[in-house]
Amino acid sequence: MASSAKGELVYNLYRALTYGLSPLVYLHLRWRQLRGREHPRRWPERLGRPSTPRPPGPLLWFHAVSLGEGMATIPVIKHCYRLRPDFNILMTTSTYSAFEVIKNRLPSGVIYQFCPLDIPAAMDAFLGYWKPSAIIIMESELWPNLIMGASKHGIALALLNARVSAKSFKQWSRPMLLPLISLLLSKFSLISPLSTSQAIHFQLLQAPPFIINFSGDLKYVHEYEYCEGDLGSLDDLKVQLVHRQIWMASSIHRGEEKVMLGADKVLRQMNPQMVTIIVPRHPQHGKEIAQELLKEGKTVALRSQHETLMPGTNVYVVDTLGELRQLYRLTPIAVIGGSFFPGLTGHNISEAAAAGCAVLTGYHVGHYKNMVLEMQRLNPLSILQVSGKSELEEALMKLLSDARVLEARQMAAKEAFLALSSGIVANVWNLLNFHVFSSRLCIRNKLRLG
């Protein structure tokens with residue numbers, strides 16, 4: 001059997017399976033809504049039920065699964081909004097946390113919905129209602145019903161910041177799944193991979209070589225303005241931190257707080273007025289950290305409660321979302337979590353580098369490995385990787401006790417970031433304009449919907 005025919009067969013099996021499981025998926029969605037993990041009123045959008053009218057004319061659909069990918073998409077949307085006012089723009093994300101942060105950062109004319117689940121009824125309803133001229137997907141969201149539905153309706157597809165994790169690549173390369181993945185990738189007009197190694201992965205998964213074009217990593221592109229809906233300005237916190245040594249541990253996962261608080265204990269022996277800012281990946285984790293510290297008789301300030309850093313308070317816990325990029329501007333040192341234990345996959349290090357921090361991270365950085373290597377290649381001092389608690393403590397003590405070493409690492413990180421971030425949005429735009437917006441499919445849909 002030919003590969004394409006085998007891919008169609010596997011897809012038909014997938015569609016039948018997702019159709020059969022739809023009632024269970026609906027129940028699971030309702031359970032998530034009751035647990036506060038879906039929007040209390042807008043959760044039906046996940047079933048393809050729109051909450052706003054579709055405006056007339058051609059429409060571009062940008063999709064990102066969660067907060068990090070969503071923030072990376074915004075500069076492209078703003079660029080498109082300025083240069084192509086003839087297009088309506090729809091953005092979707094899957095997570096409630098992304099919605100809470102991103103909704104206030106988009107241009108006023110952009111429509112924001114939750115992405116439908118990849119079950120036939122939801123996806124068919126969504127595509128049938130919004131009728132996008134093109135779909136721009138971030139990173140690795142290869143949902144079969146979405147992609148095959150778009151192909152059926154003649155909708156152009158693009159995959160930006162495209163990546164495949166090592167685990168997914170191994171699974172997708174298996175004889176059962178490879179024909180399906182190959183079929184899905186063949187429906188794209190553009191795949192813009194994160195790196196050369198990722199481009200090779202997509203080629204090995206049988207993506208057409210002519211659609212693979214490198215543009216740069218959109219996670220290097222940052223915007224720092226405050227928006228309506230933010231918890232508040234960080235000016236008060238900045239005043240409280242004057243004359244105190246500071247370092248920050250950001251995006252930490254469960255278990256990593258022990259590493260960071262252990263370092264805090266050692267550093268305070270050197271300087272009792274040291275302030276450690278802890279920013280967990282999930283706000284609820286921050287509340288739990290604060291409670292544990294209070295049980296131990298330690299003083300801690302919690303961001304969500306507007307608590308003030310008193311002279312005897314050494315730990316400031318940020319249990320909010322959407323403020324990380326601004327917080328980096330308050331600290332000379334940033335330790336990026338999600339990287340200190342096996343099984344973790346790191347977080348965006350360039351945000352701290354952009355703010356002029358000395359940047360430290362662990363070795364378990366997943367697909368951010370390419371970002372680490374790129375920055376270290378430009379300047380070996382830009383990113384310092386440490387293997388665990390003792391190395392972290394040693395590195396922090398060196399940085400906080402030697403101003404020249406600290407300044408050198410801050411400058412190296414900022415310079416590497418500036419070199420790597422230049423021109424990325426323009427590169428992405430040029431590729432989209434050539435491969436997607438000017439494609440036969442997109443033009444046909446634009447004429448049909450104009």
Side-chain angles (χ1 to χ4, degrees), residues 52 54-95 97-115 130 132-139 141 156-162 189-190 192 194 213-230 321-326 328-329 348 350-351 353-355 371 417-418 420-439 442 446:
T52 190
R54 187 207 189 280
L59 179 141
L60 301 180
W61 172 18
F62 287 83
H63 172 61
V65 62
S66 59
L67 182 57
E69 296 90 339
M71 294 295 284
T73 312
I74 291 175
V76 181
I77 289 176
K78 289 184 174 180
H79 199 77
C80 182
Y81 193 74
R82 289 193 300 269
L83 298 184
R84 291 297 294 265
D86 55 317
F87 278 122
N88 298 297
I89 298 177
L90 166 70
M91 182 177 184
T92 63
T93 56
S94 299
T95 65
S97 58
F99 171 84
E100 287 294 300
V101 175
I102 293 172
K103 63 182 180 181
N104 299 312
R105 286 168 165 79
L106 291 168
S108 58
V110 174
I111 304 162
Y112 194 1
Q113 299 278 284
F114 285 98
C115 182
W130 293 105
S133 301
I135 303 172
I136 296 93
I137 301 170
M138 289 295 291
E139 296 207 359
E141 291 289 280
L157 286 155
L159 190 63
L160 302 183
N161 267 31
S189 299
L190 170 67
S192 182
L194 274 177
N213 294 270
F214 184 70
S215 63
D217 188 346
L218 281 166
K219 287 192 174 178
Y220 281 120
V221 184
H222 309 138
E223 297 173 339
Y224 286 94
E225 74 274 11
Y226 284 94
C227 302
E228 181 184 351
D230 286 346
L321 289 169
E323 299 187 292
L324 186 56
R325 291 179 180 179
Q326 287 78 27
Y328 281 134
R329 303 172 82 181
N348 192 351
S350 72
E351 294 174 327
M371 185 180 282
F417 163 78
L418 291 173
L420 290 166
S421 62
S422 176
I424 290 175
V425 173
N427 292 341
V428 170
W429 172 257
N430 289 335
L431 287 175
L432 285 173
N433 203 38
F434 181 79
H435 289 274
V436 181
F437 303 154
S438 300
S439 74
C442 194
K446 182 179 176 180

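Quick note: numbers below take in every heavy atom, side chains included, and nothing from hydrogens, waters or symmetry partners. For reference, positions follow the sequence shown, starting with 1.
Rounding to the nearest 0.5 angstrom, the gap separating the CG atom in Leu90 from the CD1 atom in Ile77 is 9.0 Å. If you take OG1 on Thr92 and CZ on Phe99, they are separated by 12.5 Å, rounding to the nearest 0.5 Å. For the atom pair CD1 of Ile136 and CG of Leu160, the computed distance is 7.0 Å after rounding to the nearest 0.5 Å. How far CG of Leu420 is from CG of Asp217: 9.0 Å, rounded to the nearest 0.5 Å. Considering CD of Glu323 and CZ of Arg329, their distance stands at 13.0 Å, rounded to 0.5 Å.
Side-chain N/O atoms of Glu69 and Ser66 include a donor and acceptor closer than 3.5 Å. Inspection of the Tyr112 and Thr93 side chains reveals an N or O donor paired with an N or O acceptor under 3.5 Å.
Contact annotation: the side chain of Leu432 never approaches that of Cys80 to less than 4.5 Å [non-hydrogen atoms, C-beta and beyond]. For the pair Val65/Glu139, no side-chain contact is recorded, criterion being any heavy-atom separation below 4.5 Å from C-beta on. For the pair Leu190/Phe434, no side-chain contact is recorded, criterion being any heavy-atom separation below 4.5 Å from C-beta on. Side chains of Arg325 and Met71 form a contact here, defined as non-hydrogen atoms less than 4.5 Å apart. By the 4.5 Å heavy-atom criterion applied to side chains, Pro132 and Leu59 are counted as neighbours. Contact annotation: the side chain of Asn348 approaches that of His222 to within less than 4.5 Å [non-hydrogen atoms, C-beta and beyond].
Checked against Leu218 for a side chain to side chain contact (heavy atoms under 4.5 Å, CB included), the options Ile424, Asn427, Leu194 give a single hit: Ile424.
Leu159 and Met138 make their closest contact through CD1-C, 4.4 Å (heavy atoms, listed as atom of the first residue, atom of the second, distance). Nearest approach of Ile102 to Gly70, heavy atoms of both residues: CD1-CA, 3.5 Å. For Val436 against Ala134, the heavy-atom pair with the smallest separation is CG1-CB, 3.6 Å. Taking all atoms of both residues into account, the shortest heavy-atom contact from Pro107 to Lys78 is CG-CG, 3.8 Å. Contact detail for Phe417 and Ala353: the closest heavy-atom pair is CB-CB, 4.0 Å. Here the shortest heavy-atom pairing between Tyr81 and Ser108 reads OH-OG, 4.4 Å.
Side chain of Ser192 to main chain of Val428: no donor-acceptor pair is present (N/O by atom type, distance under 3.5 Å, no hydrogens or angles). Between the side chain of Asn433 and the main chain of Trp429, no donor-acceptor pair closer than 3.5 Å is present. When atom types are taken as modelled, the side chain of Asn88 and the backbone of Pro56 share a donor-acceptor pair closer than 3.5 angstrom.
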List the steps and the verdict of side-chain contact (heavy atoms from CB on, under 4.5 Å) for Asn161 and Lys219.
CA-CA 8 Å; Asn161 267 31; Lys219 287 192 174 178; 3.9 Å; yes
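Among residues at least two apart or in separate chains, ring pair (Phe, Tyr, Trp, His ring centres under 6.0 Å) pairs with a member in residues 58-78 are Trp61-Phe126.
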